[in-house]
Number of protein chains: 2
Amino acid sequence: MPGLPPRHLGAYFALVEATALLDHAVQQQLKADGDLSYVQFQLLMRLFTADGRRTMTELADGVVYSRSGLTYQAGLLEKAGLITRSPDPRDDRATLVTITDAGRDRINKVLPGHVEVVRSQLFESLSEPDIDALADIMGRVRDKMRAEPPRSAAPRKKRDR
Amino acid sequence: MPGLPPRHLGAYFALVEATALLDHAVQQQLKADGDLSYVQFQLLMRLFTADGRRTMTELADGVVYSRSGLTYQAGLLEKAGLITRSPDPRDDRATLVTITDAGRDRINKVLPGHVEVVRSQLFESLSEPDIDALADIMGRVRDKMRAEPPRSAAPRKKRDR
DNA sequence: TATTGTTATACTCTATAACTATA
DNA sequence: TATAGTTATAGAGTATAACAATA
């Protein structure tokens with residue numbers, strides 16, 4: 001691979017392969033324990049931890065790359081009784097998404113297994129200093145990517161992705 | 001999130017978010033520059049670097065989780081003229097997949113942009129010691145996950161995944 | 001005019017099961 | 001009997017464009 005030193009290449013491949021394996025393990029667990037896709041889990045978690053409601057646009061941010069995709073997922077979650085959608089009194093264009101008790105139950109049902117997968121597959125391989133280093137390294141990568149999205153990506157309007 | 005210390009949680013979230021952003025950027029680039037999905041790129045790269053041919057089963061390993069999925073992708077690549085499929089003289093059950101000149105051209109066309117995305121989005125944020133640490137950390141995670149697949153995954157027969 | 005969200009639609013991808021053929 | 005690969009098929013997910021309603 002031209003243009004990348006071997007050590008960089010090794011880091012890149014290790015990152016890609018390890019995260020692919022981890023993602024796959026997590027997806028299996030979420031599906032098996034709670035019949036949730038990873039996207040659905042992320043959306044529910046966002047409501048669960050935010051202690052309540054979010055507008056569709058707020059909910060989409062960073063999880064989904066198209067608005068119709070979010071509408072689709074919200075439709076599934078609503079049909080499953082895990083969220084409700086209602087008009088936003090502050091903005092009549094907006095839709096407020098609220099997690100239901102069943103939604104919280106589902107998260108509580110799925111969370112232990114999720115934590116266990118992450119613990120056993122990721123953290124069990126790592127020392128405490130490793131974990132701090134990982135948080136630092138990937139935190140910097142994340143922050144920079146958020147600040148400077150790749151120019152290859154189509155110039156996108158605010159919020160709509 | 002019960003059962004995971006906050007520092008661990010921070011590392012996990014940073015890892016997940018950064019790799020999601022990176023994956024997305026890479027996928028955009030491969031699609032824009034060479035009309036390839038990431039799976040197709042991985043399959044082609046495997047043939048490209050292996051300097052030749054691989055059997056379907058060898059090719060699938062670690063890239064695809066079902067055999068029909070590989071048949072589907074191979075069909076697309078063949079239709080696009082990037083690979084050919086032929087009988088394996090050593091085993092009449094097997095199919096040999098060979099990268100074509102057009103396939104090599106496609107990789108050469110796509111690779112500079114790919115390297116540039118990885119360089120600018122990943123490595124530009126990191127020092128040399130960071131990169132070594134990342135390779136070490138994620139290499140260990142990958143190796144352990146390969147050695148001990150999560151028990152949640154359905155027990156699978158050899159080779160067939 | 002710009003933004004929020006939905007709908008229709010088309011497309012890509014994945015996985016399961018049934019099947020053929022060879023080891 | 002087990003393995004290699006394909007096919008048919010069904011399902012999940014994504015994105016684009018057109019649309020209605022509100023800011």
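Per chain, numbering begins at 1; letters A, B, ... match sequence-line order.
In this entry the distance linking CG of A/Leu36 with P of D/dA12 reads 13 Å, nearest Å. B/Gln27 has its CD atom 12 Å from the C1' atom of C/dT12, to the nearest Å. Regarding A/Leu59, its CG atom lies at a distance of 14 Å from the P atom of C/dT4, rounded to whole Å. Summarising the geometry, the separation between CG on A/Leu96 and C1' on D/dT22 is reported as 15 Å, rounded to the nearest angstrom. The interatomic distance linking A/Arg67 (CZ) with C/dA2 (P) rounds to 14 Å, in whole Å. The distance from atom NZ of A/Lys31 to atom C1' of C/dA15 is 12 Å, rounded to the nearest whole Å. Per the geometry, CZ belonging to B/Arg54 stands 18 Å off C1' belonging to D/dG5, to the nearest Å.
Nearest-nucleotide mapping onto DNA chain C: of A/Met56 and B/Asp92, the residue sitting toward the 5' end is A/Met56. Residue whose closest nucleotide on DNA chain D sits further toward the 5' end, between B/Thr55 and A/Tyr38: B/Thr55.
Residue pairs meeting the salt bridge (Lys or Arg N to Asp or Glu O under 4.0 Å) criterion with at least one member in residues 35-44 of chain B, sequence neighbours excluded, are B/Lys31-B/Asp35.
The base of D/dT16 is paired with the side chain of A/Ser68 by a donor and an acceptor separated by under 3.5 Å. A donor N or O paired with an acceptor N or O is not found under 3.5 Å between the base of C/dT12 and the side-chain atoms of B/Ser37. For B/Arg93 against D/dG5, no side-chain N or O and base N or O form a donor-acceptor pair under 3.5 Å.
Residue contacts for B/Gln40: at a heavy-atom cut-off of 4.0 Å it reaches the sugar-phosphate backbone alone, with no base atom in range.
A ring-centre distance under 6.0 Å is not found for A/Tyr38 and A/His24. For B/Phe13 and B/His8, the gap between ring centers reaches or exceeds 6.0 Å.
Within residues 69-91 of chain A, the residues that place at least one heavy atom under 4.0 Å from DNA chain C are, in residue-number order, A/Thr71, A/Arg85.
Residues B/Glu58 and B/Arg46 are not paired through a salt bridge, judged by the lack of any N-O separation under 4.0 Å between the basic side chain and the carboxylate. Remark: A/Asp132 engages B/Arg7 in a salt bridge, criterion side-chain N to carboxylate O under 4.0 Å.
Side-chain proximity of B/Thr57 to the nucleotides C/dT4, D/dA15, D/dG5 is greatest for D/dG5.
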Let me have the donor-acceptor pairs involving side chains of residues 78-91 of chain B, under 3.5 Å, with sequence neighbours excluded, atom names and distances please.
| from | atom 1 | to | atom 2 | distance (Å) |
| --- | --- | --- | --- | --- |
| B/Glu78 | OE1 | B/Arg85 | NE | 3.2 |
| B/Glu78 | OE1 | B/Arg85 | NH2 | 2.9 |
| B/Glu78 | OE2 | B/Arg85 | N | 3.1 |
| B/Asp88 | OD1 | B/Arg90 | N | 2.8 |
| B/Asp88 | OD1 | B/Arg90 | NE | 3.3 |
| B/Asp88 | OD2 | B/Arg90 | NH2 | 3.3 |
| B/Asp91 | OD1 | B/Arg93 | N | 2.9 |
| B/Asp91 | OD1 | B/Arg93 | NE | 3.2 |
| B/Asp91 | OD2 | B/Arg93 | NH2 | 3.1 |

Problem set entry | Test log, rule side chain to side chain contact (heavy atoms under 4.5 Å, CB included), inputs B/Thr98 and B/Arg54 | CA-CA 7 Å; B/Thr98 309; B/Arg54 283 281 178 274; over 6 Å; no
